[in-house]
Amino acid sequence: MVSESELKVCVLGLGYIGLPTAAVIARTGAHVLGIDVHQSVVDTVNSGKVHIEEVDLDGLVSGVVARGHLRASTLIEPADIFVIAVPTPFKDDHQPNIGYVLQAATTVAAVLKAGDVVILESTSPVGTTEQVAKLLSQLRPDLRVPGHCAGTADVAIAYCPERVLPGRILVELIDNDRVIGGITPRCARKALAFYRRFVRGACVTTTANAAEMTKLTENAFRDVNIAFANELSLVADRMGVDVWEVIRLANRHPRVNILSPGPGVGGHCIAVDPWFLVSAAPEETPLIRTAREVNDAKVAHTIARAEALIDALPQGAPVACLGLAFKANIDDFRESPALAVAAHLARRYGERIHVVEPFTRILPAVFDGTGVRLIDLDDAIEACPAMIVLVDHEIFRSVPLDERAGKQVYDTRGLWPDQPRHARAEEELRLVG
Ligand code: SAJ
């Protein structure tokens with residue numbers, strides 16, 4: 001086996017998964033080249049800096065770049081291992097778009113040689129790794145590609161989904177178990193040897209198709225469970241019951257573990273990946289599809305409740321929207337329901353709306369021209385008689401009851417269980433339900 005210091009790894013895609021993965025591999029002593037189509041990302045990484053916020057990532061990247069173990073480029077070079085970590089969005093009709101994966105595989109094909117291992121990490125519809133193998137066999141007829149040749153192949157091709165949670169990426173990259181699916185068992189074993197270099201969790205091998213479906217299953221499972229919580233919150237609103245209390249009580253049952261309702265489901269994974277299962281088997285997935293629809297519809301419900309609260313306030317009273325990120329304690333606004341709600345309120349109520357988001361210094365462009373201002377938490381507490389909690393950032397949790405007791409609060413995250421409920425607002429909100 002190639003020693004750590006001789007191993008050459010190429011990671012394609014330096015985003016939320018690719019950059020931390022490249023840095024963690026570089027820390028083992030391997031020589032890692034990160035490829036990205038954006039020159040600005042390449043320049044940032046080569047200067048030892050990061051273009052994304054992730055706990056401890058900046059220190060790790062600056063260290064491995066300074067030691068010469070990580071560099072970035074827009075151009076591919078030969079390597080021993082290729083890790084593809086590019087986006088797999090869906091199209092307007094919820095059909096998966098694996099164009100970036102196939103483009104990355106085409107890039108790899110140019111430098112692929114016998115003995116190399118190609119690993120796909122991007123969340124992908126079942127069968128994508130097989131498609132990558134087919135593409136490589138077409139582009140490189142001189143190489144014996146697994147699944148497309150008899151006997152031992154020249155290269156190994158495997159699927160190993162990333163499973164890390166934003167905010168804990170560097171910890172989970174090492175500690176989480178990994179599912180490694182090979183086009184053949186030999187491919188899986190080759191990829192396994194690579195992951196064992198830096199993963200402390202168990203590495204379990206299977207087929208590429210099973211590994212692809214496992215990843216989609218994990219995120220669909222979470223989406224369905226969040227949809228259950230979101231649906232409960234609608235029922236509780238209609239009944240005038242505190243959903244958070246009901247969930248706390250129900251979860252005292254030894255076999256009940258309900259997740260938390262919120263303003264909707266955001267991010268680029270849970271809100272996307274279940275569609276890959278639905279589009280592959282539409283007849284068999286009424287539950288998974290409905291869960292997606294329930295979670296998407298929660299945004300409109302949240303907007304309606306927020307509007308009812310604001311309309312019941314004295315004319316012109318300022319309102320604070322707490323949080324824009326798609327979940328707590330991160331700076332990622334992609335597919336964020338909090339951002340969608342705040343932007344809608346901004347368009348309707350203009351400068352009455354104030355946004356508090358400790359994870360940004362400037363408001364996203366959707367607020368341009370609305371007159372909405374970004375203010376800090378203390379100013380919001382001082383100035384706003386009404387608050388809409390959209391994200392459960394830790395700093396919001398710390399606001400003591402006496403600083404918010406007299407305010408109208410719509411808490412979409414159950415952040416402040418001790419908040420007194422206001423009869424008038426409750427009545428308005430019930431009308432919405
Ligand atoms: N959410 C709720 N209620 C909950 C839990 C989450 O409303 O009880 C919301 C969050 O606020 C957020 C969305 O769901 O808007 C998604 O957040 P998340 O923390 O559930 O998941 P992600 O998208 O940050 O990361 C998920 C993880 N998958 C699972 O937990 C099964 C992570 O392990 C995956 O690596 C990641 O997707 C991915 O890249 O696929």
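In this text, all values refer to a predicted model and were calculated from it rather than measured experimentally. Both backbone and side-chain heavy atoms feed into the values below; hydrogens, waters and symmetry mates do not.
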Side-chain contact test, heavy atoms from C-beta onward, threshold under 4.5 Å: evaluate it for Leu170 versus Val55 and give yes or no.
no
Check residues 92-99 and write down every donor-acceptor pair under 3.5 Å in which the side-chain atom is one partner and the other belongs to a residue at least two apart or another chain.
| unit_1 | atom_1 | unit_2 | atom_2 | d |
| --- | --- | --- | --- | --- |
| Asp93 | OD1 | Gln95 | N | 3.2 |
| Asn97 | OD1 | Gly99 | N | 2.8 |

May I have the step-by-step check of salt bridge (charged side-chain N to carboxylate O under 4.0 Å, His left out) for Arg404 and Asp418, ending in yes or no?
CA-CA 10 Å; Arg404 53 184 157 81; Asp418 55 353; 3.0 Å; yes
Evaluate the ring planes of Tyr16 and His268, with Trp represented by its six-membered ring, and classify them as parallel (under 30°), tilted (30 to 60°) or perpendicular (over 60°).
tilted
Let me have the donor-acceptor pairs involving side chains of residues 339-359, under 3.5 Å, with sequence neighbours excluded, atom names and distances please.
| unit_1 | atom_1 | unit_2 | atom_2 | d |
| --- | --- | --- | --- | --- |
| His344 | NE2 | Glu307 | OE2 | 2.9 |
| Arg348 | NH1 | Glu307 | OE1 | 3.3 |
| Arg348 | NH1 | Glu307 | OE2 | 3.2 |
| Arg348 | NH2 | Asp311 | OD2 | 3.3 |
| Tyr349 | OH | Asp311 | OD1 | 2.8 |
| Arg352 | NE | Ala317 | O | 2.8 |
| Arg352 | NH2 | Ala317 | O | 3.0 |
| Glu357 | OE1 | Leu324 | N | 2.6 |
| Glu357 | OE1 | Ala325 | N | 3.2 |
| Glu357 | OE1 | His393 | NE2 | 3.0 |
| Glu357 | OE2 | Phe359 | N | 2.8 |
| Glu357 | OE2 | His393 | NE2 | 3.0 |

So do Thr206 and Val204 actually touch side chain to side chain, heavy atoms under 4.5 Å?
no
Side-chain donor-acceptor distances from residues 247-256 under 3.5 Å, at least two apart:
| unit_1 | atom_1 | unit_2 | atom_2 | d |
| --- | --- | --- | --- | --- |
| Asn251 | OD1 | Ile258 | N | 2.6 |
| Asn251 | ND2 | Ile258 | O | 3.1 |
| His253 | ND1 | Arg255 | N | 2.9 |

Partners passing salt bridge (Lys or Arg N to Asp or Glu O under 4.0 Å) against Asp175 (at least two apart in sequence or in another chain):
Arg200
Report the residues that fulfil side chain to side chain contact (heavy atoms under 4.5 Å, CB included) with Ser62, sequence neighbours left out, ordered by chain and then residue number.
none
Do Asp223 and Arg292 have side chains that get closer than 4.5 Å, going by heavy atoms?
yes
Expected output: side-chain Arg163 to main-chain Asp177 donor-acceptor under 3.5 Å:
yes
Under the side chain to side chain contact (heavy atoms under 4.5 Å, CB included) test, residues paired with Ala297 that sit two or more places apart
none
Contact list for residues 118-130, test salt bridge (Lys or Arg N to Asp or Glu O under 4.0 Å), sequence neighbours left out
Glu121-Arg178
Does the side chain of His301 come under 3.5 Å of the side chain of Asn230 through a donor N or O and an acceptor N or O?
no
Per-pair distances, 0.1 Å, donor-acceptor, side chain in residues 370-379, under 3.5 Å, sequence neighbours excluded:
| unit_1 | atom_1 | unit_2 | atom_2 | d |
| --- | --- | --- | --- | --- |
| Thr370 | OG1 | Phe367 | O | 2.5 |
| Thr370 | OG1 | Val372 | N | 3.2 |
| Asp376 | OD1 | Asp378 | N | 3.2 |
| Asp376 | OD1 | Asp379 | N | 2.9 |

Applying side chain to side chain contact (heavy atoms under 4.5 Å, CB included), name anything that partners His148, two or more places apart in sequence or on another chain.
Ala133, Lys134, Ser137, Val145
Pairing residues for Asn219 by the side chain to side chain contact (heavy atoms under 4.5 Å, CB included) criterion, not counting sequence neighbours:
Lys215, Cys269, Ile270, Asp273
Side-chain contact, heavy-atom cut-off 4.5 Å: Leu259 with Arg222?
yes
So, using ring pair (Phe, Tyr, Trp, His ring centres under 6.0 Å) as the criterion, who are the partners of Phe276 when residues are at least two apart?
none
All pairs passing ring pair (Phe, Tyr, Trp, His ring centres under 6.0 Å) where residues 368-388 contributes a residue, at least two apart
none
Of the options Val118, Leu120, Ile84, which is the one that meets Leu12 in a side-chain contact (heavy atoms from CB on, under 4.5 Å)?
Ile84
